[in-house]
There are 2 protein chains.
Amino acid sequence: MSDVAANVLGTQVDADSEEAFLQAYDAGEFEHPSVTVDVALLSAWEHQLFTLVIRRAEHPFRGCWALPGGFVGMQESLDEAAARVLRDKAGLEGVFLEQLYTFGDPQRDPRTRVITVAYYALVDSARFRGVNVDEADRGVAVIDVPWEAETGGPVEFADEQGGTLLTAFDHSAIVGMAVKRIRGKLNYTPVGFQLLPLEFTLRDLQVVHETVRGHPVNKDSFRRRMLASGELEATGRRQGDVGHRPAELYRFARRSAV
Amino acid sequence: MSDVAANVLGTQVDADSEEAFLQAYDAGEFEHPSVTVDVALLSAWEHQLFTLVIRRAEHPFRGCWALPGGFVGMQESLDEAAARVLRDKAGLEGVFLEQLYTFGDPQRDPRTRVITVAYYALVDSARFRGVNVDEADRGVAVIDVPWEAETGGPVEFADEQGGTLLTAFDHSAIVGMAVKRIRGKLNYTPVGFQLLPLEFTLRDLQVVHETVRGHPVNKDSFRRRMLASGELEATGRRQGDVGHRPAELYRFARRSAV
DNA sequence: TGAATAGTGTCTATAAGACAATATCCC
DNA sequence: GGGATATTGTCTTATAGACACTATTCA
């Protein structure tokens, strides 16, 4: 195969043999799938996990709730596309955002082949509540995780009164994978901070861990572990307006510029 | 926007507003990126990690070494595409194969926009050596990891004499991510078995762990931890042909059908 | 003062690291 | 028997869980 042929084909990434070329050609190489990003924006308060959903106005899944998403532009990276979606659809910038998994079942979108690169983002509850939830098609879904630990699998969405929300596409599997990922991450990284404001008490942090993991954690050993980790920085200030002894406020020692 | 418009567009995944529609349209929605899968096939022996590479016959990166890869067919899932690549390019079936990360930098392929969904696969050294390495364009690359623990970052490829191998595209970053992933997995899953034959000694398993992690592990506690995990099953047989007391052979208790 | 949670100190159980002692194979 | 590694047992140290006790704030 000549370089010219490779250029005409235009998309040949692994032209290591004639067979590979022919195979790619036979597979209808001129037809390409669509590529999108979907973002599971997670937050936590009152011992519940939440995610931002948007009501679909059109078929398929009209009236169902979907994660914010959009097409990947030809000139932007995947990370940039995800950040753009988060900015345009949730008005959020500078939050924790990480690639999660790519979903590519040929039937996942009934119209045409759409491969989606799923991301997940974490924000504290104040910023999450500040998202334009006023708009009629925006919604806050309570995440109901029907499995323990890191088993994995789809989750269910409910409104804040407990009513089931119908989910579009495979988005409940995406959020399920996000929950599984963040549960795993809690074991060895300080990702829980991303769900809290800049300053927080040890109890706040413990509640976040319990919410994500779905079960209580030992208070004593949690405090010891967190303080020994070196990731926390005491501010010297204390919380106010509580009907009991106020706890000291801490800050994440290497919080990335937000 | 009407359903008809959505169908004409054909790829509209999140038609929640007129703005979203226009934005997708303006972004040149009829132009789609190419989507490929690349597979980092890893194995380990003699305290070194190896990966299968294929020499590129054409530009770009002519003469450099690339991971086996191929286009995702319009009718196959991502997992199926990765399994097909592994079968066609390495002659392997039924091995551990898992999605790793999706690389989508707009400049990663100099010809056109190619988004690749990277996978990694694990095989024992005997099966790896059985791969058609005889063909002139197949190669075995020694993986040199220039970072500790789970820092992450690209790795370097060398031939078995220590000479540097030039890497195509971002494939050294893909393998770097695979090494990072498997190092993390060793902490909480029995993925090390995938790099060993059906039966193995505790020392074999320890050497695999040391090879992946890049540093020695404590023998006593390693043995205790593995035996206590319940993942190992003693076969009652012992290894032969060694110039010392032969160790007992174990088997992974829930080894998936291979 | 009482309610409520923060924070400290101590004891116990479990897992990891260190190391010595014994076992078993091939030569 | 000698060389080499397997396997067991014991001691020490670090960490987690349990729990009692003291501290501090507001109502």
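Within every chain, numbering begins at 1; the chains are lettered A, B, ... in the order of the sequence lines, protein sequences first and strands thereafter.
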Next item on the list: Could I get the full list of salt bridge (Lys or Arg N to Asp or Glu O under 4.0 Å) partners for A:R225, not counting sequence neighbours?
Entry: none
Next item on the list: Return yes if some donor-acceptor pair links the side-chain N/O of A:E248 with the main-chain N/O of A:G236 below 3.5 Å, else return no.
Entry: yes
Next item on the list: Identify the heavy atoms of A:L49 and A:T211 that sit nearest to each other, and give their distance.
Entry: N-CG2, 3.9 Å
Note to self: On a heavy-atom basis, which atom in B:K89 and which in B:P68 lie closest, and how many Å separate them?
What the structure shows: CB-CB, 3.9 Å
Nearest whole angstrom, please: distance from the [atom2] of [N] to the [atom1] of [X].
| X | N | atom1 | atom2 | value |
| --- | --- | --- | --- | --- |
| A:R223 | D:dT15 | CZ | C1' | 17 Å |
| A:N218 | C:dT14 | CG | P | 15 Å |
| A:K219 | D:dA18 | NZ | P | 14 Å |

Item checked: Distance, nearest 0.5 Å, that separates OG1 of B:T167 from CZ of B:F169 -> 11.5 Å
Note to self: Does the protein touch nucleotides 19-27 of chain C at the base, only the backbone, or not at all? Give it as B, S and - per nucleotide, heavy atoms under 4.0 Å.
What the structure shows: B---BBBS-
Next item on the list: Dump the intermediate steps for side-chain hydrogen bond (donor to acceptor under 3.5 Å, both in side chains) on A:T116 and A:T36, then the final yes or no.
Entry: CA-CA 5 Å; A:T116 195; A:T36 62; 2.8 Å; yes
Next item on the list: Go through the structure and list residues passing side-chain hydrogen bond (donor to acceptor under 3.5 Å, both in side chains) with B:R237, not counting sequence neighbours.
Entry: B:E199
Checklist line | Set of residues satisfying ring-ring contact (aromatic ring centres under 6.0 Å, His included) with respect to B:Y120, sequence neighbours excluded | finding: B:F96
Margin query: List the residues meeting ring-ring contact (aromatic ring centres under 6.0 Å, His included) with B:Y250, not counting sequence neighbours, and say none if there are none.
Written below: none
Note to self: Taking only side-chain N and O atoms of A:S221, does any of them lie within less than 4.0 angstrom of OP1 or OP2 on D:dG17?
What the structure shows: yes
Notebook entry, point to check: So what does the secondary structure string of DNA chain C come out as, 5' to 3', with Watson-Crick or wobble pairs under 3.5 angstrom, [ ] for crossing and | for pairs with another strand?
Noted result: |||||||||||||||||||||||||||
Next item on the list: List in numerical order all residues of residues 201-209 of chain B for which some heavy atom is under 4.0 Å away from an atom belonging to DNA chain D.
Entry: B:R203
Notebook entry, point to check: Residues from residues 224-231 of chain A sitting under 4.0 Å of DNA chain D, heavy atoms only?
Noted result: A:R224, A:R225
Output side-chain donor-acceptor pairs under 3.5 Å for residues 172-191 of chain B, partner residues at least two apart or in another chain, one line each.
{"unit_1": "B:R181", "atom_1": "NH1", "unit_2": "B:Q99", "atom_2": "O", "d": "3.2"}
{"unit_1": "B:R181", "atom_1": "NH2", "unit_2": "B:L100", "atom_2": "O", "d": "2.5"}
{"unit_1": "B:R183", "atom_1": "NE", "unit_2": "B:V212", "atom_2": "O", "d": "2.8"}
{"unit_1": "B:R183", "atom_1": "NH1", "unit_2": "B:W147", "atom_2": "O", "d": "3.4"}
{"unit_1": "B:R183", "atom_1": "NH1", "unit_2": "B:A149", "atom_2": "O", "d": "2.8"}
{"unit_1": "B:K185", "atom_1": "NZ", "unit_2": "B:E98", "atom_2": "OE1", "d": "3.2"}
{"unit_1": "B:K185", "atom_1": "NZ", "unit_2": "B:E98", "atom_2": "OE2", "d": "3.0"}
{"unit_1": "B:N187", "atom_1": "OD1", "unit_2": "B:R213", "atom_2": "NH1", "d": "3.2"}
{"unit_1": "B:N187", "atom_1": "OD1", "unit_2": "B:R213", "atom_2": "NH2", "d": "3.1"}
{"unit_1": "B:N187", "atom_1": "ND2", "unit_2": "B:E150", "atom_2": "OE2", "d": "3.4"}
{"unit_1": "B:T189", "atom_1": "OG1", "unit_2": "B:K185", "atom_2": "O", "d": "2.8"}

Could you pull out every donor-acceptor pair under 3.5 Å between side chains of residues 201-208 of chain B and any protein atom, sequence neighbours left out?
{"unit_1": "B:T201", "atom_1": "OG1", "unit_2": "B:R203", "atom_2": "N", "d": "3.4"}
{"unit_1": "B:T201", "atom_1": "OG1", "unit_2": "B:D204", "atom_2": "N", "d": "3.0"}
{"unit_1": "B:T201", "atom_1": "OG1", "unit_2": "B:D204", "atom_2": "OD1", "d": "3.4"}
{"unit_1": "B:T201", "atom_1": "OG1", "unit_2": "B:D204", "atom_2": "OD2", "d": "3.2"}
{"unit_1": "B:D204", "atom_1": "OD2", "unit_2": "B:T201", "atom_2": "N", "d": "3.0"}
{"unit_1": "B:Q206", "atom_1": "NE2", "unit_2": "B:E210", "atom_2": "OE2", "d": "3.2"}
{"unit_1": "B:Q206", "atom_1": "NE2", "unit_2": "B:V217", "atom_2": "O", "d": "3.3"}

Next item on the list: Could you tell me which residues satisfy side chain to side chain contact (heavy atoms under 4.5 Å, CB included) with B:A121, sequence neighbours excluded, listed by chain and number?
Entry: B:V39, B:L41, B:L86, B:V95, B:L97
Let me check something: any side-chain donor-acceptor pairs from residues 152-163 of chain B under 3.5 Å, sequence neighbours excluded? List them with distances.
{"unit_1": "B:D159", "atom_1": "OD1", "unit_2": "B:Q161", "atom_2": "N", "d": "2.9"}
{"unit_1": "B:D159", "atom_1": "OD1", "unit_2": "B:G162", "atom_2": "N", "d": "3.0"}
{"unit_1": "B:D159", "atom_1": "OD1", "unit_2": "B:G163", "atom_2": "N", "d": "2.8"}

